[in-house]
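Have a look at the structure below, then the notes.
Note that the numbering runs from 1 along the sequence shown for the chain.
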Amino acid sequence: MGKKRSGGGLSTTQQAAKFLGVSMLAGTVMAGLALPAVGALGLAAKGTVEEFDEIPANLKTPPLSQRTTILDADGGEIAKVYSRDRTVVELKDISPYMRKAIVAIEDARFYEHGAIDLKGVLRALNKNAQDGGVSEGASTLTQQYVKNVFVEEAGDDPEKVAEATQQTVGRKIRELKYAIQVEKELGKKRILQNYLNITFFGQQAYGVEAASQRYFSKHAKDLTLEESALLAGLVQSPSRFDPVNDPREATLRRNTVLQRMAEVRDITQAKADASKKKPLGLNVSRPKNGCITAVDGAGFFCDYVRKVFLTDPAFGKTPEERAQRWHRGGLTIRTTLDPQAQKSVQKAVKNGVHASDEVATAVTLVEPGTGKIVGMGQSRPYGFGEHQTQINLSVDQRMGGGAGYQPGSTFKPIVAAAALERGTKPSQSYPSPYKMPYPSPVQTCDGSWSDTASVENENPSEVGPYGMREATAKSVNTYFVQLISDIGVCPVTTLADKMGVERADGKKMDQVPSITLGTQEMSPLTMANAYATFANRGVYCTPVAIESITTADGKSFKVPQTSCKRAMSEKTADTVNTLLRGVVEDGTGKEAGLSGRASAGKTGTTDFRYAAWFVGYTPNLAGAVWVGDPKHQRKMVNITIGGRTWGKVFGGQVPGPIWREAMSGALAGKPAPGFVTVPVDDPHKDRPDRGDEDNKPGRGGSGGRGDKPWPDITIPPDLIGGEDGGIGDIGGIGDIGGWDGGWNPGVGRGRR
């Protein structure tokens, strides 16, 4: 019979007997194993054999979370992202020193005992009794591995992690039973391999390979004795023995491991003593996690890829399933990002708008016919510091962007396309005065719209009559208001939907005539992809960012492909392409024109100059450039952008050159196909000179007399000429003619 110690209480043997209790486990285990009952560790008596038998027999081991690598279209690395930085390796790829060191310090009898080490329990009890506390544990490597599986399964949920590590009898019993299962099914070598891959080593490093890279910038198979001892010592308390932040404590712990290796005869005492004198020899690689580390300013594209994964049902039926799969990692994601295009985007952004400017810019490039996003960047970098942001200015709100920006006149080509689809000829002419009320009522999808609002052109020099070609080139507001009043709002919003055009905030597009002037907030990606429909001769393709995904075990993941459908006829698209070529050849977008290749596009400037745009394309690349204040507070008047001061910002000035530089670099060395164009008659091409963009005087023609009265329009008195228009400072206006009959009014206005 065991005797009481002189100090009172139970002897060591009695403590052991009380702690262990002995149970035969349903005949499934060859040897009797001890279960915690009451006493020494404060475990409740409910830990019974019956409860043990009720625990499911199979331990569910979730795949270990690992790093995910995001690549560009050429296979170059964009960034590594991970919930837990881990690279799983086989035992043969782990240094023998490391294997011996971890066993020596954590479970020296690992190869001699089963799932539970009875001698280890007795030794721990004796040591703890002598120290008057709990200074030594008795968990085997197998038990530690099982506990780590519970923690891994809990993920980043604090409550689940606490539950997985709490000191309760229920958890201990589960741990014991699963340890028995693991010993039976895996064997010692596989358990050791799994343990070294799952364990946390501090500094965001999970598993020995990540730890080896973090502390020594080398593979685990190349670890030396001293390096192995250091890593093995971290397992007990990664924060306390952190060699980066407390090298003294880390050295003491490393030397403890070396001494233990000598005691169990893995190395000689002489070798241990010599190794203890060596420095830690750190060669630290700082953690590089997340899109913030992306190369060539691709952080926002990287984050867009993450959003695609988390929102697309192709990657999991539920948001929770997709999130779990993303955090698990171990993926190699090849994207559509073209490194040449991305570098060009970043260069253009840097040259056009500074990160510290009051306004920002965002640029997105899309490949017509495939929907591939090949470039995405902005002037405010991805980050958390001054002049940085986590908001992707190129995309919709649900994909990490803001509420969007009014696209201004870049929406007008969609109105033109809708009219052409309904049979309107591009030679359609409207009087297009400088200022006029909205025609009312205007048909919508649900009825009609009526209001007394008025609209005016950019400046008084813009007075019709105009045909569609000239009105598009000069971005005449009153022309397009009259055009949408004729065809109605519904055909416009219907075509916009076919072209993937939607509000950035996810709301439905308003059924109002002002939509023709770009009053609905949209993102650069939306506009670039819409214009890619014109370049693709009327076929819209959904945007895609992911080419392929490979799992850690080499299996291919099915990824969604672009979906293409016809949005308009080829003739309509070809006509729009012809119209928009005129914008860059002799219209508001001349500063955006490309050299040596066909291009087309449209400028846009919103009310109060909160935003300016250029959206354009070639047959093989489309791009959108937005410049403005994301908060819609700073008007772009008397402002410095990119080191240059502007009195007023127009779409053709700041965004246009950024677009030209981004597109030129992205297309360098690539084919230069031409557009299929169609003849577009200009009904007013033979009239007298109308002035030009330098405000030179022009001569007005004679005003005609029509069958219908003109609507109320405002004409500045100083610009009214004689019967033949006369010559004013910027051209005169002849007598006013009819609304749709007789001669059109003579105009001699110049234009900026």
Side-chain angles (χ1 to χ4, degrees), residues 363-369 374-375 407-421 426 467-476 480 495 499-501 518 524 526-541 567-605 612-626 650-653 655-664 666-667 670-680 682:
V363 182
T364 300
L365 304 183
V366 177
E367 185 175 80
V374 299
S409 295
T410 61
F411 194 85
K412 289 174 181 174
I414 299 174
V415 179
L420 294 168
E421 283 288 278
M468 190 178 290
R469 181 169 192 158
E470 190 174 9
T472 302
K474 296 187 174 180
S475 199
V476 180
F480 282 92
L495 178 61
M499 298 173 67
V501 177
T526 291
M527 295 306 296
N529 209 44
Y531 273 49
T533 306
F534 296 136
N536 198 33
R537 302 191 72 192
V539 176
Y540 167 73
C541 297
M568 67 190 75
S569 69
E570 283 190 354
K571 182 179 179 181
T572 292
D574 293 342
T575 304
V576 172
N577 294 341
T578 304
L579 295 173
L580 296 187
R581 282 194 65 179
V583 174
V584 298
E585 289 174 354
D586 57 11
T588 59
K590 284 195 295 186
E591 292 188 54
L594 299 179
S595 176
R597 62 174 69 240
S599 61
K602 184 71 185 75
T603 58
T605 308
W613 293 71
F614 188 85
V615 187
Y617 54 96
T618 67
N620 52 350
L621 189 62
V625 177
W626 161 86
F650 293 89
Q653 292 175 335
I658 294 174
W659 182 89
R660 183 183 63 236
E661 184 173 4
M663 292 283 286
S664 297
L667 290 168
K670 297 184 178 180
F675 291 112
V676 175
T677 57
V678 297
V680 176
D682 185 345

I'd like to check L579 versus P413 (side-chain heavy atoms, cut-off strictly below 4.5 Å). Are they in contact? no

Are the side chain of W659 and the backbone of G623 linked by a donor-acceptor contact shorter than 3.5 Å? yes

How many angstroms lie between CZ in R597 and CG in L621, if you round to the nearest 0.5 Å? 9.0 Å

N/O donor-acceptor pair under 3.5 Å between T677 side chain and T578 backbone: no

Distance from M499 atom CE to M527 atom CE, nearest 0.5 Å? 8.0 Å

I'd like to know if the side chain of S475 pairs up with that of S409 as donor and acceptor (distance under 3.5 Å, no hydrogens or angles considered). yes

Side chains of L420 and P426: closer than 4.5 Å at any heavy-atom pair? yes

Sequence neighbours excluded, which residues qualify as salt bridge (Lys or Arg N to Asp or Glu O under 4.0 Å) partners of K670? D338

For A473 against G582, the heavy-atom pair lying closest together: CB-O, 4.2 Å

Which pair of heavy atoms, one from A535 and one from T618, lies closest together, and at what distance? CB-O, 3.4 Å

Has Y531 got a side-chain atom pairing as donor or acceptor with T410's backbone, closer than 3.5 angstrom? yes

Heavy-atom closest contact (P657 atom, G652 atom, distance): CD-O, 3.6 Å

For P655 against G651, the heavy-atom pair lying closest together: CD-O, 3.3 Å

Sorted by chain and number, sequence neighbours left out, side chain to side chain contact (heavy atoms under 4.5 Å, CB included) with R537 holds for E570, D574, V676

Measure the NZ-CG distance between K412 and L580 for me, rounded to the nearest 0.5 Å. 12.0 Å

Quick check against the 3.5 Å criterion: does S569 have a side-chain atom that pairs as donor or acceptor with the backbone of T572? yes

CE of M663 to CG of N620, rounded to nearest 0.5 Å, is 7.5 Å

Between N529 (side chain) and G500 (backbone), is there a donor-acceptor pair under 3.5 Å? no

Is any side-chain heavy atom of M568 closer than 4.5 Å to a side-chain heavy atom of Y540? no

Distance, nearest 0.5 Å, that separates OG1 of T603 from NZ of K474: 13.0 Å

Counting C-beta onward and ignoring hydrogens, is there a side-chain heavy-atom pair between F480 and T472 closer than 4.5 Å? yes

Can you give me the closest heavy-atom contact between L594 and S664, atom names plus distance? CD2-OG, 3.5 Å

Over all heavy atoms of both residues, which pair between A600 and R581 is shortest? Give the atoms and the distance, please. CB-N, 3.7 Å

Are K602 and F411 side-chain neighbours, meaning at least one heavy-atom pair lies under 4.5 Å? no

Once the angle between the rings of Y617 and F675 is folded into 0 to 90°, is it parallel (under 30°), tilted (30 to 60°) or perpendicular (over 60°)? perpendicular

Does some side-chain heavy atom of V680 sit less than 4.5 Å from a side-chain heavy atom of M468? no

